[in-house]
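Take a look at the structure below.
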Amino acid sequence: MSQIKKVRGFQDIYGENAKKYRFVVETARRIFENYNFNEIILPYVEDVSLFVRSVGEETDIVQKEMYVFEDRGGRKVALRPEGTASAVRAYIEEGLYAKGGYQKLFYEGAMFRYERPQAGRYRQFHQIGAEIFGANSPLSDAELIKMVKDILDQLGIQTRLEVNTLGDFESRKKYIEVLRNFLKERKDLLCEDCKKRLERNPLRVLDCKVEKCIEATKDAPVLIDYISDQSLQRFEKLKEYMKSLGISFIFNPRLVRGLDYYTDTVFEFITDKIGAQGTVAAGGRYDTLVKQLGGPDTPALGFAAGIERLMLLVEKLPEEKDLVVVVPVVSEFNIEGLKIADRLRKKGIKTELVLKEGSLKSKMKLANKMGGRFVVFVSENPELKDMETGEQERFENAEDLIDVLTEKVLKP
RNA sequence: GAGGGUGUAGCUCAGCUGGCAGAGCACAAGGUUGUGGCCCUUGGGGUCGCGGGUUCAAGUCCCGUCACCCUCCCCA
């Protein structure tokens with residue numbers, strides 16, 4: 001019988017990694033709630049056309065990375081490759097726009113993209129993300145960025161922040177034409193990939209890392225010269241707000257994102273500590289998407305962060321509660337052991353009752369291996385041992401021992 | 001989709017030009033008949049990723065295939 005293995009690009013997250021995963025998610029949740037965001041739990045499967053229409057027909061995600069299949073009812077569906085499209089769909093479908101004011105939503109969970117696995121990149125990966133619908137002031141851009149920064153800070157992760165503005169939809173279209181014409185004249189100087197990008201997505205050429213492309217585009221027209229005054233003003237305000245919050249950032253006029261729906265503000269939090277997949281969190285504004293998907297004209301913005309990439313950067317996990325190991329000295333005391341463990345757990349103490357029979361020595365080895373801070377020996381006169389100091393104290397009865405132990409473990 | 005590297009014990013790896021599958025760590029038992037960590041002794045574990053070929057003989061050579069790692073592309 002051949003061993004069944006996990007499918008390429010999928011992973012088991014366990015042990016230390018599972019702790020990191022939880023640390024990342026719980027930290028983010030705490031901050032989302034601080035900013036008064038509400039959770040939305042979105043489906044993992046959506047109609048294919050949702051992603052075609054939002055992420056963009058010509059994008060790599062849609063062209064070659066989506067898990068697409070027909071369900072038993074003949075519906076063409078996809079495992080979601082990202083979260084924003086679903087959030088927008090729900091915003092429209094559930095009528096959240098009718099609640100008035102603006103909506104602030106966050107989500108967490110798996111995304112699926114059929115890509116070649118690599119460091120910090122999997123076919124099933126996990127994101128946390130948040131979206132703001134109906135807020136159009138640059139205040140919202142600033143708050144969103146600040147919130148992402150708060151999360152990264154709380155996780156102890158150092159990054160650099162790059163920001164750019166793509167302008168509104170119209171001025172961007174105008175610029176793309178100008179840029180395409182510029183690039184066509186220099187087509188021969190570009191790398192093979194960029195020759196293809198020229199037609200599909202000329203903005204990406206500016207993002208190319210190949211030396212000769214950087215050289216060839218040195219004097220390329222700059223997007224910011226083509227965008228509307230309104231967009232420029234928004235960007236100036238945003239920069240001002242970020243400065244007042246003490247957020248340091250780099251203006252990168254060539255920053256482009258791979259999803260079609262972005263307008264105006266885009267940003268990326270980047271690290272160079274984890275190899276090529278350095279973008280750890282990214283997002284931006286998408287003022288036309290809600291309308292484009294059939295909803296009311298609604299300004300919106302959001303971000304997503306890759307949990308696995310954040311995990312690679314998490315160095316220190318928060319301290320865990322002390323573990324108490326309950327050891328019946330001989331099996332005659334098993335029942336007493338069950339009771340004591342029960343009472344400790346009711347007090348909120350992390351307790352392990354040794355689940356193996358055998359010599360006391362083997363049970364102690366287990367207690368040590370599990371990282372027990374205290375051991376309770378269950379016998380006529382229960383004893384409490386501090387595994388760090390080796391000190392051991394004997395008690396008349398279990399009550400007294402539990403009182404003393406509670407004092408030691410639950411001290412603030 | 002393109003390029004490079006690696007698959008041998010649970011883990012990290014050694015195994016020269018083909019000649020009986022190894023080490024360290026981990027695990028289990030014992031040295032202490034009711035007390036962990038250190039030390040010592042003993043022990044259990046492997047279709048050498050999978051399939052085919054060459055050969056008297058393949059972990060080792062050849063072909064294919066799968067997976068993982070890294071880079072490009074793209075993205076979180």
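The sequence lines fix the lettering, A, B, ..., with proteins before strands; numbering per chain opens at 1. If you're wondering where the values come from, they're calculated on a predicted model, not measured in any experiment.
- In this structure, A:Tyr21 places its OH atom 13 Å from C1' of B:A76, rounding to the nearest Å.
- B:A21 and B:U33 have their C1' atoms separated by 40 Å, with the value rounded to a whole Å.
- Remark: the separation of the C1' atoms in B:G46 and B:G22 is 11 Å, to the nearest Å.
- With sequence neighbours left out, A:Glu383 forms a side-chain contact (heavy atoms from CB on, under 4.5 Å) with A:Phe377, A:Gln392, A:Arg394.
- Taking the six-membered ring where the residue is Trp, the centroids of A:Phe106 and A:Phe37 are separated by 6.0 Å or more.
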Toss me the dot-bracket line for RNA chain B: Watson-Crick and G-U wobble, both under 3.5 Å, 5' to 3', using | for pairs to another strand and [ ] for crossers. (((((((..((((.....[..)))).(((((.......))))).....(((((..]....))))))))))))....
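- Contact check of residues 46-66 of chain A against RNA chain B (heavy atom, cut-off under 4.0 Å) returns A:Asp60, A:Glu65.
- The distance from atom CZ of A:Phe125 to atom P of B:A76 is 8 Å, rounded to the nearest whole Å.
- Here the side chain of A:Asn397 pairs a donor or acceptor atom with the backbone of A:Asp400 at under 3.5 angstrom.
- B:A29 and B:G51 are spaced 41 Å apart, taking the C1' atom of each and rounding to whole Å.
- Considering A:Asp225, A:Ile224, A:Asp264 as possible partners of A:Leu232, the one that fulfils the side-chain contact (heavy atoms from CB on, under 4.5 Å) test is A:Ile224.
- The salt bridge (charged side-chain N to carboxylate O under 4.0 Å, His left out) analysis of residues 166-179 of chain A, with sequence neighbours excluded, yields the pairs A:Glu177-A:Arg180.
- The same atom, C1', is picked in B:G15 and in B:G4; the two are 25 Å apart, to the nearest Å.
- Looking only at side-chain heavy atoms (C-beta outward), A:Val68 and A:Lys76 come within less than 4.5 Å of each other.
- One finds a salt bridge joining A:Arg343 and A:Glu399 here, because a Lys/Arg side-chain nitrogen approaches an Asp/Glu carboxylate oxygen to under 4.0 Å.
- For A:Arg123 (side chain) and A:Glu115 (main-chain N/O), a donor-acceptor pair under 3.5 Å exists by modelled atom type.
- Protein atom CZ of A:Arg123 is 17 Å distant from nucleotide atom C1' of B:A76, rounded to whole Å.
- For A:Asp71, the side-chain contact (heavy atoms from CB on, under 4.5 Å) criterion is met by A:Arg75, A:Val77, not counting sequence neighbours.
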What is the per-nucleotide protein-contact pattern of nucleotides 35-40 of chain B, from the 5' end, where B denotes a base atom under 4.0 Å from a protein heavy atom, S denotes such proximity for sugar-phosphate atoms only, and - denotes neither? BBB---
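- Comparing the C1' positions of B:C69 and B:A23 gives an interatomic distance of 25 Å, to the nearest angstrom.
- When the nearest nucleotides of RNA chain B are assigned to A:Phe333 and A:Tyr114 by heavy-atom distance, the more 5′-ward of the two goes with A:Tyr114.
- Between B:C73 and B:C66, the two C1' atoms lie 23 Å apart (nearest whole Å).
- The existence of a salt bridge linking A:Lys239 and A:Glu236 is confirmed by a sub-4.0 Å separation between a basic side-chain nitrogen and an acidic carboxylate oxygen.
- Contacts of A:Ser49 classified as side-chain contact (heavy atoms from CB on, under 4.5 Å), with partners at least two apart in sequence or in another chain: A:Asp47.
- Using atom C1' as the reference point in both B:G7 and B:A14, the two lie 15 Å apart (nearest Å).
- The distance from atom CZ of A:Arg394 to atom C1' of B:G34 is 11 Å, rounded to the nearest whole Å.
- Applying the side-chain contact (heavy atoms from CB on, under 4.5 Å) criterion to A:Lys20, with sequence neighbours excluded, gives A:Asn17, A:Met311, A:Val314, A:Leu317.
- Using a 4.0 Å cutoff on non-hydrogen atoms, the parts of residues 300-317 of chain A near RNA chain B are A:Ala304, A:Gly306, A:Arg309, ordered by number.
- A salt bridge between A:Asp141 and A:Arg234 is present, with a side-chain N of the basic residue lying under 4.0 Å from a carboxylate O of the acidic one.
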Could you write nucleotides 67-72 of chain B as a row of B, S and -, 5' to 3', where a protein heavy atom under 4.0 Å of any base atom gives B, of only sugar-phosphate atoms gives S, and otherwise -? SS-SBB
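- Take A:Tyr286 and apply the ring-ring contact (aromatic ring centres under 6.0 Å, His included) test, not counting sequence neighbours, and it matches A:Tyr261.
- Heavy atoms of A:Gln11 sit nowhere under 4.0 angstrom from any nucleic acid atom.
- The C1' atoms of B:A58 and B:A76 are separated by 46 Å, rounded to the nearest whole Å.
- The side chain to side chain donor-acceptor pair (under 3.5 Å) check on A:Arg121 picks up A:Gln118, with sequence neighbours excluded.
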